[in-house]
Amino acid sequence: MNVMNGTNMSNMSLKIIGTGKGIPARHVSNEDLSNYIDADDNWIVSRTGIKKRYVCTDETITDLSAAAALQAIEKSGLTPAGIDLIICTTIGGDYRTPSLACCILGRIGAKCPAFDINAACTGFIYALNVASCFLSAGNAKNILIVSAEMMSAQVDWGDRSTCVLFGDGAAACVVTNGGALRYINLLATSDTPILNIPVDTGNSPFVSKKRERGFVQMQGQEIFKFAVNTVENEIKHALSALKMSLEQINWFILHQANRRIIDSIRTKMRQPQEKFPVNIDRYGNLSSVSIPLLLFEMQEECKIKPGDTLFLAAFGAGLTAGSCVVVWE
Ligand code: UT7
């Protein structure tokens, strides 16, 4: 696979000072799904670990994002006026344009630059790297990162092999200057057929070969192999760069695409299950939201303690991947 090595920057300035979540009211169990599609609870649980997911009914992505953003800002001890940059990670907000970040800005009443990043499921790791560059350069002091996805609008509800996998939701964090980010690495390839969502060609009279809007198409087993191999390499790469051992990592916070991907990585690393927190059973695959949502939950449950070392890794369409090491302050 044509993997390009991306940035590898240690000692970048960043620490997380508040987290939040925005989840739709409606949850749908595997059993509920069988009212709509030919889905089998046994297959879904045994092949993925997913038991339920949340889906938007009347909520917009902006609604979910604003709820997550306001909670993260409040927990950081700031107000929206104190935010001087909003970075949003999403594969599609409520509009193709303006960006979801601009919609969030208006809803929460912030006054600052705002833009979206699309690195698919790896978006949150990309956002941490971009945020650390703004902070290190002195171009921002308090940055709001919101990850938000409405995957229920991106899947074909007639395709049981994809629609059962994903869910909707948002998670946010506020980051500021600090020494928490010890290592970060981004990767990208161009392998469109493995995972994509086609856009249509509109109604231009100049197009001879019209393309319709499409839904999530993916070669699940190819992504599975990419994920396990890439995350394993990323762990080794990070540990070697930081001269650390596996035992010095307290938490492996991985993108939640499939419980079996997480278990395969854990088994290869010979690490205990408790060090690999999961939320895929309750939310399904939330794309770029799954890692910041895990951070929110672990902070709420007081699982992460100051001084803990976290390894974060994600992978997704592109294909993209990324990892980082954060010491919780
Ligand atoms: O977030 C990043 C993007 N996505 C990923 O990372 C996904 C990574 N890949 C995966 O998680 C797994 O490859 C999948 C969950 C997508 C698929 O698991 P698998 O073990 O690779 O399953 P498979 O493709 O080998 O299984 C396909 C079979 C088919 O039946 P036959 O043709 O083998 O008889 C499907 O019809 O499983 C059947 N199937 C289902 N059966 C009941 C597919 N979906 C369902 C379903 N209920 N919902």
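We count ligands from 1, going down the list as the structure has it; atoms in each ligand are counted the same way.
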Quick one: which of K51, K52, E297 gives a side-chain hydrogen bond (donor to acceptor under 3.5 Å, both in side chains) with Y283? E297
With side chain to side chain donor-acceptor pair (under 3.5 Å) as the rule and sequence neighbours excluded, what pairs involving residues 92-102 come up? T62-D94
Return yes if a side-chain donor-acceptor contact under 3.5 Å exists between S29 and D32, otherwise no. yes
At less than 3.5 Å, what protein N or O atoms come close to the N or O atoms of ligand 1? Include the distances to 0.1 Å.
residue	atom	partner	partner atom	Å
ligand 1	1 (O)	H255	NE2	2.8
ligand 1	1 (O)	N285	ND2	2.7
ligand 1	9 (N)	G220	O	3.0
ligand 1	11 (O)	N258	ND2	2.7
ligand 1	13 (O)	G220	O	3.3
ligand 1	20 (O)	R47	NE	3.1
ligand 1	20 (O)	R47	NH2	2.7
ligand 1	20 (O)	R260	NH2	2.8
ligand 1	21 (O)	Q221	NE2	3.2
ligand 1	25 (O)	Q221	NE2	2.8
ligand 1	36 (O)	R160	NH2	2.9
ligand 1	37 (O)	W43	NE1	2.9
ligand 1	47 (N)	D40	N	3.4
ligand 1	48 (N)	R160	O	3.2

Show me the donor-acceptor pairs, under 3.5 Å and distance only, between side chains in residues 165-176 and residues at least two apart or in other chains.
residue	atom	partner	partner atom	Å
D168	OD1	M151	N	2.8
D168	OD1	S152	N	2.8
D168	OD1	S152	OG	3.3
D168	OD2	C56	N	2.7
D168	OD2	S152	OG	2.6
T176	OG1	K141	O	2.7
T176	OG1	N142	OD1	3.2

For E59 and Y54, which I'm curious about, is there any donor-acceptor pair between the side chains at under 3.5 Å? no
Considering only residues two or more places apart or on different chains, which pairs with a residue in residues 318-329 satisfy side chain to side chain donor-acceptor pair (under 3.5 Å)? T122-T320, E234-S323
